[in-house]
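What follows is a set of notes on a single structure, which appears directly below.
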Amino acid sequence: MSINDEYDTAIEVVIFHSNDLHSRLEQAAKTATIIEQGRLKYGTEQVIAVDLGDHMDRARMETEGTDGLVHQAIIEATAYDVVTLGNNEGLTFSAEQLDAVYSDSSFQVICCNLHKLHGDNPSWLTSSTIIERAGLSVGFIAATANFYQFYELMGWQTTEPIIEIKKEIERIRSSCDVIVLMSHLGIKYDERIADECEHIDVILGSHTHHLFDPPELRNGTLMCAAGKFGSYVGKVNISYNKVLQKAVITGEVIPTAAYPENEQIMDIIAQGKLDAQKKLSRVIEVLKEPLEVSHYRESPLSNLLAIGLRSWCDAEIGIVNSGQLLGSLAIGPVTAGELHAICPSPINPCVLMLKGSELIQALEQSLLVEYQDFKPRGFGFRGEQLGMLAVDGLEVIYALDKPPLNRIQSVYVNGEALELQRSYRVASIDMFTFKVGYTSLANFENATYYLPEFIRNIMEVELTNAEHIEQSKTKRWIRSE
(Lines give C-alpha, C1' and ligand atoms only; values in the text may rest on other atoms or scores of the structure.)
Protein backbone atom coordinates (compact mmCIF):
# COMPACT_ATOMS: atom_id res chain seq x y z
CA MET A 1 0.00 0.00 0.00
CA SER A 2 1.40 3.44 -0.93
CA ILE A 3 1.51 6.41 1.38
CA ASN A 4 -1.18 8.04 -0.76
CA ASP A 5 -3.38 4.97 -0.36
CA GLU A 6 -2.89 5.11 3.38
CA TYR A 7 -4.05 8.71 3.52
CA ASP A 8 -6.99 7.97 1.26
CA THR A 9 -8.34 5.86 4.15
CA ALA A 10 -8.44 8.85 6.53
CA ILE A 11 -11.64 9.37 8.52
CA GLU A 12 -12.97 12.92 8.58
CA VAL A 13 -14.96 14.09 11.63
CA VAL A 14 -15.97 17.64 12.60
CA ILE A 15 -16.69 18.84 16.14
CA PHE A 16 -18.71 22.04 16.65
CA HIS A 17 -18.34 23.54 20.13
CA SER A 18 -20.08 26.39 21.95
CA ASN A 19 -19.64 27.85 25.42
CA ASP A 20 -20.63 30.58 27.86
CA LEU A 21 -23.83 31.51 26.06
CA HIS A 22 -25.20 33.03 29.28
CA SER A 23 -28.74 32.87 27.93
CA ARG A 24 -28.15 34.97 24.83
CA LEU A 25 -30.84 32.79 23.34
CA GLU A 26 -30.99 34.48 19.94
CA GLN A 27 -27.30 33.63 19.56
CA ALA A 28 -28.19 30.02 20.31
CA ALA A 29 -30.53 30.22 17.31
CA LYS A 30 -27.61 31.32 15.12
CA THR A 31 -25.39 28.60 16.56
CA ALA A 32 -28.07 26.06 15.63
CA THR A 33 -27.99 27.31 12.05
CA ILE A 34 -24.21 26.82 11.83
CA ILE A 35 -24.39 23.31 13.27
CA GLU A 36 -27.30 22.41 10.99
CA GLN A 37 -25.40 23.64 7.95
CA GLY A 38 -22.39 21.63 9.12
CA ARG A 39 -24.44 18.45 9.21
CA LEU A 40 -25.76 19.14 5.71
CA LYS A 41 -22.23 19.76 4.42
CA TYR A 42 -20.34 16.91 6.10
CA GLY A 43 -23.12 14.46 6.89
CA THR A 44 -24.73 13.67 10.22
CA GLU A 45 -22.41 10.68 10.73
CA GLN A 46 -19.36 12.93 10.62
CA VAL A 47 -20.48 15.75 12.94
CA ILE A 48 -20.43 16.01 16.74
CA ALA A 49 -21.85 19.03 18.61
CA VAL A 50 -20.89 19.86 22.21
CA ASP A 51 -21.49 22.68 24.70
CA LEU A 52 -19.04 23.53 27.47
CA GLY A 53 -21.39 25.01 30.07
CA ASP A 54 -22.85 28.30 31.25
CA HIS A 55 -25.50 27.88 28.59
CA MET A 56 -27.97 29.11 31.22
CA ASP A 57 -28.03 32.44 33.02
CA ARG A 58 -30.87 33.28 35.36
CA ALA A 59 -30.61 36.96 34.51
CA ARG A 60 -32.63 36.10 31.38
CA MET A 61 -36.38 36.07 31.97
CA GLU A 62 -36.97 32.92 29.91
CA THR A 63 -34.31 31.06 31.88
CA GLU A 64 -35.61 32.22 35.26
CA GLY A 65 -39.26 31.74 34.41
CA THR A 66 -38.89 28.21 33.02
CA ASP A 67 -36.29 26.99 35.56
CA GLY A 68 -33.98 26.32 32.63
CA LEU A 69 -36.37 24.13 30.65
CA VAL A 70 -36.17 26.47 27.65
CA HIS A 71 -32.50 25.50 27.44
CA GLN A 72 -33.31 21.80 27.44
CA ALA A 73 -35.59 22.38 24.45
CA ILE A 74 -32.97 24.47 22.62
CA ILE A 75 -30.16 21.97 23.23
CA GLU A 76 -32.33 19.09 22.04
CA ALA A 77 -33.56 20.95 18.96
CA THR A 78 -29.96 21.80 18.05
CA ALA A 79 -29.16 18.08 18.44
CA TYR A 80 -26.17 18.55 20.70
CA ASP A 81 -24.48 15.26 21.50
CA VAL A 82 -22.70 16.15 24.74
CA VAL A 83 -22.83 19.01 27.24
CA THR A 84 -21.20 19.78 30.55
CA LEU A 85 -22.13 22.00 33.48
CA GLY A 86 -20.67 25.41 34.14
CA ASN A 87 -20.94 27.20 37.46
CA ASN A 88 -24.06 29.01 36.23
CA GLU A 89 -25.83 25.66 35.98
CA GLY A 90 -24.37 23.98 39.04
CA LEU A 91 -24.51 26.91 41.44
CA THR A 92 -27.74 28.68 40.52
CA PHE A 93 -30.13 25.75 39.98
CA SER A 94 -31.28 23.29 42.61
CA ALA A 95 -30.73 19.56 42.22
CA GLU A 96 -34.44 19.16 41.44
CA GLN A 97 -34.31 21.81 38.73
CA LEU A 98 -31.23 20.21 37.16
CA ASP A 99 -32.97 16.83 37.23
CA ALA A 100 -35.89 18.33 35.31
CA VAL A 101 -33.57 19.85 32.68
CA TYR A 102 -31.22 16.92 32.16
CA SER A 103 -33.24 13.78 32.89
CA ASP A 104 -34.65 11.92 29.87
CA SER A 105 -32.81 14.21 27.47
CA SER A 106 -31.50 13.25 24.04
CA PHE A 107 -28.02 14.60 24.84
CA GLN A 108 -25.39 13.30 27.28
CA VAL A 109 -24.19 15.28 30.31
CA ILE A 110 -20.62 14.64 31.47
CA CYS A 111 -18.34 15.99 34.20
CA CYS A 112 -15.57 14.04 35.92
CA ASN A 113 -15.06 16.23 39.00
CA LEU A 114 -18.67 16.84 40.06
CA HIS A 115 -20.31 14.41 42.48
CA LYS A 116 -23.34 14.40 44.74
CA LEU A 117 -22.31 15.24 48.28
CA HIS A 118 -24.48 12.45 49.64
CA GLY A 119 -25.45 9.38 47.64
CA ASP A 120 -24.91 8.42 44.02
CA ASN A 121 -24.77 10.82 41.11
CA PRO A 122 -28.00 11.24 39.15
CA SER A 123 -28.42 8.85 36.24
CA TRP A 124 -28.08 11.68 33.72
CA LEU A 125 -24.51 12.57 34.81
CA THR A 126 -21.45 10.54 33.82
CA SER A 127 -17.73 11.33 33.99
CA SER A 128 -16.98 10.86 30.27
CA THR A 129 -18.35 9.39 27.09
CA ILE A 130 -17.10 7.87 23.82
CA ILE A 131 -18.83 8.81 20.59
CA GLU A 132 -18.42 6.86 17.37
CA ARG A 133 -18.55 8.78 14.12
CA ALA A 134 -17.71 7.32 10.72
CA GLY A 135 -15.58 4.63 12.38
CA LEU A 136 -13.69 7.08 14.61
CA SER A 137 -13.89 6.76 18.41
CA VAL A 138 -13.75 10.16 20.11
CA GLY A 139 -13.50 10.19 23.89
CA PHE A 140 -14.93 13.23 25.65
CA ILE A 141 -13.96 14.14 29.22
CA ALA A 142 -15.33 17.22 30.98
CA ALA A 143 -14.45 19.13 34.13
CA THR A 144 -15.92 22.20 35.81
CA ALA A 145 -14.47 24.96 38.01
CA ASN A 146 -13.76 23.74 41.54
CA PHE A 147 -15.87 26.16 43.58
CA TYR A 148 -16.16 23.52 46.29
CA GLN A 149 -17.29 25.86 49.10
CA PHE A 150 -20.31 26.92 47.07
CA TYR A 151 -21.09 23.53 45.56
CA GLU A 152 -21.32 21.93 49.00
CA LEU A 153 -24.14 24.31 49.88
CA MET A 154 -25.98 23.10 46.78
CA GLY A 155 -25.54 19.43 47.70
CA TRP A 156 -22.61 18.77 45.36
CA GLN A 157 -18.92 18.07 45.80
CA THR A 158 -16.30 19.23 43.31
CA THR A 159 -12.80 17.79 43.34
CA GLU A 160 -9.42 18.86 41.98
CA PRO A 161 -9.82 18.72 38.19
CA ILE A 162 -6.39 17.57 37.00
CA ILE A 163 -6.38 14.51 39.25
CA GLU A 164 -9.82 13.49 37.99
CA ILE A 165 -8.95 14.19 34.35
CA LYS A 166 -5.85 11.98 34.55
CA LYS A 167 -7.91 9.16 36.07
CA GLU A 168 -10.48 9.43 33.30
CA ILE A 169 -7.83 9.48 30.57
CA GLU A 170 -6.39 6.22 31.89
CA ARG A 171 -9.86 4.69 32.06
CA ILE A 172 -10.92 5.42 28.47
CA ARG A 173 -7.81 5.97 26.37
CA SER A 174 -7.44 2.38 25.19
CA SER A 175 -10.94 2.63 23.72
CA CYS A 176 -10.41 5.96 21.92
CA ASP A 177 -8.69 7.13 18.77
CA VAL A 178 -8.83 10.76 19.92
CA ILE A 179 -9.42 12.35 23.36
CA VAL A 180 -11.10 15.75 23.74
CA LEU A 181 -11.37 17.66 27.02
CA MET A 182 -14.44 19.84 27.48
CA SER A 183 -13.08 22.32 30.02
CA HIS A 184 -15.11 24.74 32.08
CA LEU A 185 -11.99 25.60 34.08
CA GLY A 186 -10.52 28.71 32.46
CA ILE A 187 -7.45 29.44 30.37
CA LYS A 188 -4.83 29.14 33.14
CA TYR A 189 -6.05 25.71 34.14
CA ASP A 190 -6.20 24.63 30.49
CA GLU A 191 -2.55 25.61 30.05
CA ARG A 192 -1.60 23.52 33.09
CA ILE A 193 -3.56 20.57 31.73
CA ALA A 194 -1.81 20.79 28.37
CA ASP A 195 1.55 20.81 30.16
CA GLU A 196 0.78 18.09 32.72
CA CYS A 197 -1.69 15.66 31.12
CA GLU A 198 -0.66 13.24 28.38
CA HIS A 199 -2.90 11.79 25.68
CA ILE A 200 -5.27 14.79 25.38
CA ASP A 201 -5.48 15.74 21.72
CA VAL A 202 -7.81 18.74 22.02
CA ILE A 203 -8.83 21.08 24.84
CA LEU A 204 -12.07 22.97 24.25
CA GLY A 205 -11.87 25.89 26.67
CA SER A 206 -14.42 28.10 28.41
CA HIS A 207 -15.30 29.81 31.72
CA THR A 208 -12.85 32.73 31.32
CA HIS A 209 -14.50 33.72 28.02
CA HIS A 210 -11.21 33.59 26.12
CA LEU A 211 -10.98 33.33 22.34
CA PHE A 212 -8.37 31.45 20.35
CA ASP A 213 -8.53 32.66 16.76
CA PRO A 214 -6.85 30.59 15.46
CA PRO A 215 -6.46 27.77 18.01
CA GLU A 216 -3.06 27.37 19.65
CA LEU A 217 -0.84 24.30 19.90
CA ARG A 218 0.66 23.73 23.34
CA ASN A 219 2.76 20.70 24.19
CA GLY A 220 1.14 18.76 21.36
CA THR A 221 -2.43 19.63 22.44
CA LEU A 222 -4.65 21.81 20.27
CA MET A 223 -6.22 24.48 22.47
CA CYS A 224 -9.51 25.89 21.18
CA ALA A 225 -11.86 28.50 22.63
CA ALA A 226 -14.85 30.36 21.18
CA GLY A 227 -15.13 33.44 23.39
CA LYS A 228 -18.49 34.22 25.00
CA PHE A 229 -22.18 34.97 24.49
CA GLY A 230 -22.47 32.96 21.28
CA SER A 231 -20.44 35.43 19.23
CA TYR A 232 -18.50 32.50 17.78
CA VAL A 233 -18.91 28.78 17.26
CA GLY A 234 -15.78 26.68 17.42
CA LYS A 235 -15.03 24.07 14.79
CA VAL A 236 -12.46 21.26 15.09
CA ASN A 237 -11.55 19.17 12.04
CA ILE A 238 -10.16 15.69 12.70
CA SER A 239 -8.58 13.67 9.92
CA TYR A 240 -7.63 10.28 11.32
CA ASN A 241 -5.66 7.58 9.55
CA LYS A 242 -6.55 4.15 10.92
CA VAL A 243 -3.53 2.51 9.29
CA LEU A 244 -1.01 4.92 10.78
CA GLN A 245 -3.15 5.53 13.90
CA LYS A 246 -2.41 9.24 13.59
CA ALA A 247 -4.67 12.26 13.58
CA VAL A 248 -4.28 15.59 11.88
CA ILE A 249 -6.36 18.07 13.90
CA THR A 250 -7.04 21.69 13.01
CA GLY A 251 -9.49 24.25 14.34
CA GLU A 252 -11.12 27.58 13.71
CA VAL A 253 -13.85 29.83 15.06
CA ILE A 254 -16.87 30.91 13.05
CA PRO A 255 -18.39 34.36 13.76
CA THR A 256 -22.14 33.96 14.18
CA ALA A 257 -23.17 37.53 13.34
CA ALA A 258 -23.95 36.97 9.66
CA TYR A 259 -25.91 33.75 10.15
CA PRO A 260 -29.72 33.68 10.30
CA GLU A 261 -31.55 32.55 13.40
CA ASN A 262 -32.92 29.03 13.25
CA GLU A 263 -36.74 29.32 13.10
CA GLN A 264 -37.37 26.28 15.28
CA ILE A 265 -35.15 27.69 18.02
CA MET A 266 -36.84 31.09 17.76
CA ASP A 267 -40.23 29.37 18.22
CA ILE A 268 -38.87 27.66 21.35
CA ILE A 269 -37.67 31.01 22.70
CA ALA A 270 -41.06 32.61 22.02
CA GLN A 271 -42.86 29.81 23.86
CA GLY A 272 -40.37 30.06 26.69
CA LYS A 273 -41.12 33.76 26.99
CA LEU A 274 -44.85 33.09 27.24
CA ASP A 275 -44.31 30.40 29.88
CA ALA A 276 -41.96 32.65 31.84
CA GLN A 277 -44.31 35.63 31.75
CA LYS A 278 -47.11 33.48 33.10
CA LYS A 279 -45.04 32.14 35.96
CA LEU A 280 -43.48 35.51 36.82
CA SER A 281 -46.83 37.35 36.81
CA ARG A 282 -47.26 36.37 40.47
CA VAL A 283 -47.89 39.48 42.59
CA ILE A 284 -45.52 39.82 45.54
CA GLU A 285 -46.98 42.94 47.12
CA VAL A 286 -49.02 46.03 46.31
CA LEU A 287 -46.96 49.10 47.21
CA LYS A 288 -48.71 52.12 48.70
CA GLU A 289 -45.79 54.40 47.88
CA PRO A 290 -42.91 54.25 45.40
CA LEU A 291 -39.49 52.89 46.36
CA GLU A 292 -36.70 54.72 44.56
CA VAL A 293 -33.17 53.57 43.83
CA SER A 294 -30.20 55.82 43.01
CA HIS A 295 -26.63 54.81 42.29
CA TYR A 296 -25.20 58.19 43.36
CA ARG A 297 -27.02 58.93 46.61
CA GLU A 298 -28.79 57.13 49.40
CA SER A 299 -32.19 55.78 48.40
CA PRO A 300 -34.96 53.75 50.09
CA LEU A 301 -34.92 50.68 47.83
CA SER A 302 -31.16 50.23 48.23
CA ASN A 303 -31.52 50.71 51.97
CA LEU A 304 -34.25 48.07 52.02
CA LEU A 305 -31.88 45.55 50.44
CA ALA A 306 -29.23 46.34 53.05
CA ILE A 307 -31.86 45.95 55.80
CA GLY A 308 -32.93 42.63 54.31
CA LEU A 309 -29.37 41.29 54.15
CA ARG A 310 -28.72 42.24 57.76
CA SER A 311 -31.99 40.69 58.92
CA TRP A 312 -31.62 37.51 56.84
CA CYS A 313 -28.07 36.90 58.06
CA ASP A 314 -28.63 38.07 61.65
CA ALA A 315 -25.70 40.48 61.42
CA GLU A 316 -24.63 43.72 63.08
CA ILE A 317 -24.28 45.54 59.76
CA GLY A 318 -25.78 45.22 56.29
CA ILE A 319 -23.82 46.55 53.30
CA VAL A 320 -24.47 46.20 49.56
CA ASN A 321 -23.89 48.23 46.41
CA SER A 322 -26.92 50.03 45.03
CA GLY A 323 -26.02 48.88 41.50
CA GLN A 324 -27.49 45.48 42.31
CA LEU A 325 -30.86 47.16 41.70
CA LEU A 326 -31.46 48.30 38.13
CA GLY A 327 -34.55 50.39 38.71
CA SER A 328 -37.12 51.78 41.13
CA LEU A 329 -40.54 50.37 42.03
CA ALA A 330 -43.72 52.37 41.46
CA ILE A 331 -46.95 52.48 43.44
CA GLY A 332 -49.12 49.43 42.84
CA PRO A 333 -48.55 45.69 42.35
CA VAL A 334 -45.01 44.36 42.18
CA THR A 335 -44.71 41.05 40.33
CA ALA A 336 -41.99 38.42 40.51
CA GLY A 337 -41.14 39.37 36.93
CA GLU A 338 -40.69 43.03 37.81
CA LEU A 339 -38.46 42.14 40.75
CA HIS A 340 -36.39 39.87 38.51
CA ALA A 341 -36.09 42.70 35.97
CA ILE A 342 -34.64 45.14 38.52
CA CYS A 343 -32.56 42.52 40.37
CA PRO A 344 -31.43 39.95 37.79
CA SER A 345 -28.01 39.05 39.24
CA PRO A 346 -27.58 35.48 40.50
CA ILE A 347 -25.73 36.79 43.55
CA ASN A 348 -25.94 35.22 46.98
CA PRO A 349 -25.87 36.72 50.49
CA CYS A 350 -22.96 36.08 52.82
CA VAL A 351 -21.66 37.05 56.25
CA LEU A 352 -18.16 38.50 56.52
CA MET A 353 -16.13 39.13 59.65
CA LEU A 354 -14.58 42.51 58.85
CA LYS A 355 -12.48 44.96 60.80
CA GLY A 356 -13.72 48.52 61.16
CA SER A 357 -10.72 49.79 59.16
CA GLU A 358 -11.79 47.74 56.12
CA LEU A 359 -15.33 49.09 56.39
CA ILE A 360 -14.07 52.68 56.55
CA GLN A 361 -12.04 52.20 53.37
CA ALA A 362 -15.07 50.89 51.46
CA LEU A 363 -17.29 53.67 52.78
CA GLU A 364 -14.76 56.29 51.67
CA GLN A 365 -14.61 54.76 48.19
CA SER A 366 -18.40 54.77 48.06
CA LEU A 367 -18.34 58.59 47.99
CA LEU A 368 -16.20 58.64 44.80
CA VAL A 369 -17.84 58.85 41.39
CA GLU A 370 -15.25 56.53 39.84
CA TYR A 371 -16.46 53.76 42.14
CA GLN A 372 -20.12 54.59 41.67
CA ASP A 373 -19.66 54.46 37.88
CA PHE A 374 -17.42 51.38 37.82
CA LYS A 375 -18.89 48.43 35.91
CA PRO A 376 -17.95 45.05 37.37
CA ARG A 377 -17.70 42.15 34.95
CA GLY A 378 -18.60 38.60 35.85
CA PHE A 379 -18.84 37.12 39.36
CA GLY A 380 -22.62 37.03 39.06
CA PHE A 381 -23.07 40.77 38.49
CA ARG A 382 -25.64 41.58 35.82
CA GLY A 383 -26.09 45.30 36.49
CA GLU A 384 -24.84 48.40 34.70
CA GLN A 385 -22.65 50.01 37.38
CA LEU A 386 -21.36 49.41 40.89
CA GLY A 387 -23.23 52.26 42.56
CA MET A 388 -22.62 53.66 46.05
CA LEU A 389 -22.95 51.51 49.15
CA ALA A 390 -26.27 51.13 50.92
CA VAL A 391 -25.93 50.29 54.62
CA ASP A 392 -27.95 49.24 57.62
CA GLY A 393 -26.84 49.33 61.24
CA LEU A 394 -24.49 52.20 60.39
CA GLU A 395 -24.67 55.97 60.61
CA VAL A 396 -22.02 57.64 58.47
CA ILE A 397 -21.14 61.33 58.94
CA TYR A 398 -19.22 62.74 55.97
CA ALA A 399 -18.02 66.05 54.50
CA LEU A 400 -17.71 66.44 50.73
CA ASP A 401 -15.42 69.46 51.06
CA LYS A 402 -12.66 67.24 52.44
CA PRO A 403 -10.08 65.49 50.21
CA PRO A 404 -11.09 62.18 48.60
CA LEU A 405 -10.70 59.17 50.89
CA ASN A 406 -10.68 61.54 53.90
CA ARG A 407 -14.31 62.62 53.86
CA ILE A 408 -15.79 60.43 56.56
CA GLN A 409 -15.85 62.23 59.88
CA SER A 410 -17.32 59.50 62.07
CA VAL A 411 -19.17 56.19 61.87
CA TYR A 412 -21.54 54.69 64.41
CA VAL A 413 -22.48 51.02 64.57
CA ASN A 414 -25.91 50.65 66.14
CA GLY A 415 -25.32 53.83 68.13
CA GLU A 416 -21.72 53.13 69.17
CA ALA A 417 -18.56 54.57 67.60
CA LEU A 418 -16.98 52.24 65.09
CA GLU A 419 -13.69 50.72 66.30
CA LEU A 420 -11.02 50.34 63.61
CA GLN A 421 -9.51 47.13 65.00
CA ARG A 422 -12.72 45.44 66.07
CA SER A 423 -14.23 42.72 63.88
CA TYR A 424 -17.88 43.12 62.95
CA ARG A 425 -20.40 40.61 61.66
CA VAL A 426 -21.33 42.11 58.28
CA ALA A 427 -24.08 40.85 55.99
CA SER A 428 -23.11 41.44 52.38
CA ILE A 429 -22.90 39.67 48.99
CA ASP A 430 -20.57 36.99 47.65
CA MET A 431 -19.42 39.21 44.75
CA PHE A 432 -17.33 41.30 47.12
CA THR A 433 -15.42 38.26 48.37
CA PHE A 434 -13.80 37.97 44.92
CA LYS A 435 -12.19 41.43 45.21
CA VAL A 436 -14.69 43.05 42.89
CA GLY A 437 -15.63 46.71 43.31
CA TYR A 438 -15.14 47.64 46.95
CA THR A 439 -12.08 45.44 47.33
CA SER A 440 -11.40 46.08 51.04
CA LEU A 441 -14.55 44.06 51.78
CA ALA A 442 -12.63 41.02 50.53
CA ASN A 443 -10.17 41.37 53.42
CA PHE A 444 -12.40 39.34 55.70
CA GLU A 445 -11.29 37.04 58.50
CA ASN A 446 -13.84 34.41 57.53
CA ALA A 447 -16.94 34.16 55.37
CA THR A 448 -20.20 32.23 55.53
CA TYR A 449 -22.12 31.86 52.28
CA TYR A 450 -25.86 31.36 51.84
CA LEU A 451 -27.03 29.27 48.89
CA PRO A 452 -29.34 28.78 47.04
CA GLU A 453 -30.87 32.13 48.06
CA PHE A 454 -30.35 35.08 45.72
CA ILE A 455 -30.54 38.67 46.88
CA ARG A 456 -33.82 39.04 44.99
CA ASN A 457 -35.28 36.33 47.22
CA ILE A 458 -34.37 38.50 50.20
CA MET A 459 -35.85 41.56 48.51
CA GLU A 460 -39.09 39.67 47.91
CA VAL A 461 -39.42 39.07 51.66
CA GLU A 462 -38.63 42.71 52.43
CA LEU A 463 -41.27 44.07 50.09
CA THR A 464 -43.90 42.51 52.34
CA ASN A 465 -42.36 43.97 55.53
CA ALA A 466 -44.02 47.34 56.22
CA GLU A 467 -41.78 48.03 59.21
CA HIS A 468 -38.60 47.59 57.19
CA ILE A 469 -39.99 49.68 54.33
CA GLU A 470 -40.57 52.49 56.81
CA GLN A 471 -37.04 52.07 58.19
CA SER A 472 -35.60 52.32 54.67
CA LYS A 473 -36.55 56.02 54.62
CA THR A 474 -34.23 56.80 57.55
CA LYS A 475 -30.97 58.45 56.52
CA ARG A 476 -27.80 56.48 57.15
CA TRP A 477 -25.46 58.80 55.24
CA ILE A 478 -25.49 62.22 56.91
CA ARG A 479 -23.65 65.11 55.31
CA SER A 480 -21.79 67.38 57.71
CA GLU A 481 -22.41 71.09 57.13
Side-chain angles (χ1 to χ4, degrees), residues 153 284-285 291-295 297-325 329 339 342-343 345 347-363 365-366 380 386-398 408 410-419 422-433 436-438 440-478:
L153 296 172
I284 296 168
E285 184 59 281
L291 288 172
E292 181 194 5
V293 64
S294 171
H295 299 151
R297 56 181 173 79
E298 184 176 2
S299 54
L301 193 58
S302 302
N303 284 349
L304 187 62
L305 180 54
I307 292 169
L309 283 166
R310 181 186 172 200
S311 174
W312 185 277
C313 299
D314 190 24
E316 297 171 272
I317 297 166
I319 189 165
V320 64
N321 61 306
S322 62
Q324 296 297 339
L325 300 168
L329 294 174
L339 179 56
I342 70 163
C343 192
S345 300
I347 283 179
N348 310 105
C350 65
V351 170
L352 309 174
M353 293 304 298
L354 281 165
K355 289 189 180 296
S357 57
E358 307 294 355
L359 287 167
I360 286 285
Q361 183 177 336
L363 294 170
Q365 292 170 342
S366 179
L386 187 64
M388 73 174 294
L389 287 171
V391 299
D392 188 50
L394 292 181
E395 183 178 78
V396 185
I397 315 299
Y398 67 98
I408 293 178
S410 55
V411 179
Y412 296 93
V413 182
N414 300 311
E416 297 183 1
L418 178 137
E419 300 175 36
R422 181 189 157 186
S423 293
Y424 293 91
R425 182 177 168 86
V426 180
S428 192
I429 54 174
D430 59 2
M431 183 183 89
F432 290 147
T433 69
V436 178
Y438 296 108
S440 69
L441 299 179
N443 298 329
F444 50 86
E445 296 167 15
N446 56 66
T448 303
Y449 299 96
Y450 293 80
L451 274 73
E453 298 86 359
F454 300 127
I455 54 175
R456 62 175 167 269
N457 298 131
I458 292 174
M459 183 60 82
E460 179 170 340
V461 173
E462 293 306 309
L463 288 173
T464 66
N465 191 321
E467 181 182 354
H468 284 181
I469 289 176
E470 190 62 31
Q471 290 175 10
S472 73
K473 304 172 191 176
T474 302
K475 289 288 187 182
R476 288 111 164 100
W477 291 84
I478 301 171

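Everything quoted here is computed from the prediction, not taken from an experiment.
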* Asked: Is there a side chain to side chain donor-acceptor pair (under 3.5 Å) between Q324 and N321 once you walk through the steps?
  -> CA-CA 6 Å; Q324 296 297 339; N321 61 306; 3.1 Å; yes
* Show the numbers, then the answer: is there a side-chain contact (heavy atoms from CB on, under 4.5 Å) between C343 and M459? => CA-CA 9 Å; C343 192; M459 183 60 82; 5.6 Å; no
* Would Q365 and L441 count as a side-chain contact (heavy atoms from CB on, under 4.5 Å) if you check the C-alpha gap in whole Å, the side-chain angles of each, and the deciding distance to 0.1 Å? -> CA-CA 11 Å; Q365 292 170 342; L441 299 179; over 6 Å; no
* **Trace of the side-chain contact (heavy atoms from CB on, under 4.5 Å) decision for S428 with F444** => CA-CA 11 Å; S428 192; F444 50 86; over 6 Å; no
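Residue L418 holds its CG atom at 6.5 Å from CD1 of I317, rounded to the nearest 0.5 Å. Here L359 contributes atom CG and I319 contributes atom CD1; the two are 5.5 Å apart, rounded to the nearest 0.5 Å. Distance check, rounded to the nearest 0.5 Å: CG of L305 to CH2 of W312 gives 12.0 Å. Rounding to the nearest 0.5 Å gives a distance of 5.0 Å between NZ of K475 and CD of E298. In this structure, CD1 on I469 lies 9.5 Å from CD1 on I307, to the nearest 0.5 angstrom. Interatomic distance, CG of L339 versus CD1 of I284, reported as 4.5 Å (0.5 Å rounding).
Remark: E470 engages K473 in a salt bridge (charged side-chain N to carboxylate O under 4.0 Å, His left out) (not counting sequence neighbours). With sequence neighbours excluded, no residue forms a salt bridge (charged side-chain N to carboxylate O under 4.0 Å, His left out) with E416. Shown here are the salt bridge (charged side-chain N to carboxylate O under 4.0 Å, His left out) partners of E316, two or more places apart in sequence or in another chain: R422. Evaluation of the side-chain hydrogen bond (donor to acceptor under 3.5 Å, both in side chains) rule for Y450 yields no partner, not counting sequence neighbours. Residues satisfying the side chain to side chain contact (heavy atoms under 4.5 Å, CB included) criterion with E395, sequence neighbours excluded, are I397, Y412, I478. Evaluation of the side-chain hydrogen bond (donor to acceptor under 3.5 Å, both in side chains) rule for T448 yields no partner, not counting sequence neighbours. Taking the side-chain hydrogen bond (donor to acceptor under 3.5 Å, both in side chains) definition, one finds that E285 meets it with nothing, sequence neighbours left out. Under the rule for a side chain to side chain contact (heavy atoms under 4.5 Å, CB included), the partners of S322 that lie at least two apart in sequence or sit in another chain are H295, S302, M388. Remark: S440 engages E358, Q361, A362, N443 in a side chain to side chain contact (heavy atoms under 4.5 Å, CB included) (not counting sequence neighbours). Remark: R425 pairs with no residue by the side-chain hydrogen bond (donor to acceptor under 3.5 Å, both in side chains) rule, at least two apart or across chains.
Here the shortest heavy-atom pairing between I408 and I360 reads CD1-O, 4.1 Å. Here the closest heavy-atom approach between residue L325 and residue L301 is recorded as CD1-O, 3.6 Å. Across all their heavy atoms, L309 and I458 have their closest contact at CD2-CD1, 3.8 Å. Of all heavy-atom pairs spanning A427 and C313, the tightest one is CB-CB, 3.8 Å. V320 and F432 make their closest contact through CA-CE1, 4.3 Å (heavy atoms, listed as atom of the first residue, atom of the second, distance).
A distance-only check finds a donor-acceptor pair linking the side chain of T433 to the backbone of D430 [under 3.5 Å]. With S299 contributing its side chain and S294 its backbone, the two residues share a donor-acceptor pair below 3.5 Å. Side-chain N or O atoms of Y438 include none that pairs as donor or acceptor with a backbone N or O of L363 at under 3.5 Å.
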Identify every side-chain donor-acceptor pair in residues 347-354 under 3.5 Å, counting partners at least two apart or on other chains, and give the distances.
| from | atom 1 | to | atom 2 | distance (Å) |
| --- | --- | --- | --- | --- |
| N348 | ND2 | E453 | O | 2.7 |

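Applying the salt bridge (charged side-chain N to carboxylate O under 4.0 Å, His left out) test to residues at least two apart or on different chains, the pairs with a partner in residues 300-310 are R310-D392.
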